[in-house]
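Let me begin by presenting the structure, written as structure tokens, before commenting on it.
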Amino acid sequence: MIPFLSSISFGRLNSKILYNVLASSFHNNHHIQCRSIHQDDSMNDSNQDDDHDLLNDVFQYNLLVDLSPKNVVVIMPRMKKGDLYRMRLILKKFFGSTNRNHLRDYVRQESADAVVFAINVLRPRQHHFFRNFFDVEVYDRFSTVLKIFRERCSTKEAKLQLALAELEYVKKNLHHLQECDFSQFSFSKSFGGNFDTFYQIKKQIIQERESRLKRSLSTVTNAYEIKRKNRTTMEIPTVAVVGYTNSGKTSLIKALSHDTSLQPEDRLFATLDVTTHQITLPSKMKALLIDTIGFISEIPTTLVHCFRSTLREICTANLIVHVVDASHPNRYEQINTVHQTLKEIEVPEKLLQTMIKVSNKVDKLSIPIDNIDGIAISATERIGLDKLARQIQKGLIENTERLAFEMRVANGGEQYQWLYREASAIVEMKPDPHDANFLIMKVLITKSKFGKFVKLFHANLNSQ
Ligand SMILES: Nc1nc2c(ncn2[C@@H]2O[C@H](COP(=O)(O)OP(=O)(O)OP(=O)(O)O)[C@@H](O)[C@H]2O)c(=O)[nH]1
Ligand SMILES: [Mg+2]
């Protein structure tokens, strides 16, 4: 059965009818068809951008379909993002309005198994109300993202980080619980007290669990740090591949590294663990590409913070490659989201300035490649990969202050052996035309190793 996802969006406050209905069906997550049923002509004045946003958001919620092949109704307030004040008013109006009966009829008519509110966080009271009112599972944006993370994360670190994020969510909302009417529950008896006692006990349990989780996380993170430091001492430069979720980061890494274990997927948050993959650049210099978690707009900051230790890989990389899905209608918003998130996790200014922007999926575009911003590539069709590899190499050489130098060494001699072992890359090696016992070697080397070489062999060299 093809999962069916439909969306209901509330109209502007001053419109007579509060919502219009969008119904969409998905085929293998690739294709979206939308039919808009306007309840009232006043909705027809909605500008196209709004509808565009709406469709895009509906598309984002296909991730839910992916998790549970059921019918899902998405309720989407028509308002500017982040306009919390209006959001509250809309919800308030909705609470008191007979429109909710329309919505319930709609949910029943579509035989929906879940209702998603396309807003960041529903208050517990609202959640509780809607859960009973619709008599199906109710999600907000935060719990949707958490649900997906929970289903997909596999490493110990990701699991601990997620548990911490969930706890943040519970903690943040705990004081709102006081607004709820819990008279129907029997907890006060079992806790031997009133709500305050219950609240205090809950708070204490949460605090204890939080410190336990933080302790375990720091052990795991330490092990992770040791690995990272080992990499640093190996002096293999690292490149963090970042971007909006589903932009093609994993596909690009797979194309550059030929690592068949990588599985790009057409779903949001396919990658939830940071992994590294070795590549060889045109100069034969080795580099490690770091596959990272995709960013998403309006991701709750608590979640970003909990993944901070994982995302620290980005801050400590030698270069950042930003992958943009050039075929996505909302690519500019996605670019902004990525920039904002990078700022939020405090990526050093130098890395931001030297960041390489890559426009992926150009095979899906009809415009000429020259008109595309950044380095135009297609990871799956292997377009533009050589140019990108050269650009990565250039960026790495500059950011890691590596030097290129050429010298004449005895074939098989001490200097030859040392350079062979220690240089980042042997760019070129050819016999000396005047003496077959000697070679002309062109190498890439770190500044510190260059110093060592000079000291060890008392060489008088000029780097390039
Ligand atoms: N047509 C086309 N599709 C691509 C290209 N690159 C990636 N894709 C598809 O886009 C989808 C997402 O690719 P991924 O590589 O998993 O994207 P990601 O950025 O790693 O996604 P997350 O890990 O979820 O953040 C997959 O279905 C890929 O096959 C491309 O150049 N052209
Ligand atoms: Mg990925």
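Being a predicted model, the structure only gives us computed values, none of them experimental. Indexing begins at 1, ligand by ligand and atom by atom, following the structure's order.
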Item to check | Electrostatic pair Lys442:Glu406 at N-O distance under 4.0 angstrom | outcome: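 Salt bridge: no.
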Part of [X] with heavy atoms under 4.0 Å of ligand 1, whether side chain, backbone, both or neither:
X	result
Lys364	side chain
Asn360	side chain
Asp363	side chain

Checklist entry - Would you say Gly243 contacts ligand 1, with heavy atoms under 4.0 Å as the rule? => result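 No.
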Next on the checklist: Quick check: closest heavy atoms across Leu213 and Leu167, and the distance to 0.1 Å?
Outcome noted: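 Result for this residue pair: CD1-CD2, 4.0 Å.
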Item to check | Ile290 versus Glu313, closest heavy-atom pair with distance | outcome: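 Where Ile290 meets Glu313 most closely, the heavy atoms are CD1-OE1, 3.4 Å.
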Considering both backbone and side-chain atoms of [X], is one of its nitrogen or oxygen atoms within less than 3.5 Å of a nitrogen or oxygen in ligand 1?
X	answer
Ala379	yes
Gly248	yes
Thr292	no
Glu381	no
Asp291	no

Where ligand 1 meets [X] - atom numbers and elements under 4.0 angstrom, heavy-atom basis:
X	value
Thr245	22 (P), 24 (O), 25 (O)
Ser378	30 (C), 31 (O), 32 (N)
Asn246	11 (C), 12 (C), 17 (O), 18 (P), 19 (O), 21 (O), 22 (P), 24 (O), 25 (O)
Ser251	6 (N), 7 (C), 13 (O), 14 (P), 15 (O), 28 (C)
Gly294	25 (O)

Checklist entry - Within 45° of the axis and under 6.0 Å from the centre of the six-membered ring of Phe134, does NZ or CZ of Arg104 qualify? => result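 So Arg104 doesn't make the cation-pi contact.
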Checklist entry - What distance separates His258 NE2 from Lys254 NZ, expressed to the nearest 0.5 Å? => result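 That separation rounds to 11.5 Å.
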Checklist entry - Between CD1 of Ile397 and CG of Leu281, what distance do you get to the nearest 0.5 Å? => result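 Here the rounded value is 8.5 Å.
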Look only at the side chain of [X] and the backbone of [Y], and say whether a donor-acceptor pair between them is shorter than 3.5 Å.
X	Y	result
Lys447	Glu401	no
Arg209	Ile206	no
Lys249	Tyr244	yes

Next on the checklist: Tell me whether the Mg ion (ligand 2) has Thr250 as a neighbour, meaning an N, O or S atom of it below 2.8 Å.
Outcome noted: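 A backbone or side-chain N, O or S atom of Thr250 is under 2.8 Å from the Mg ion (ligand 2).
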Next on the checklist: Do Ser424 and Arg402 pair up side chain to side chain, a donor and an acceptor below 3.5 Å, judged on atom types alone?
Outcome noted: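 Per modelled atom types, Ser424 and Arg402 side chains form a pair under 3.5 Å.
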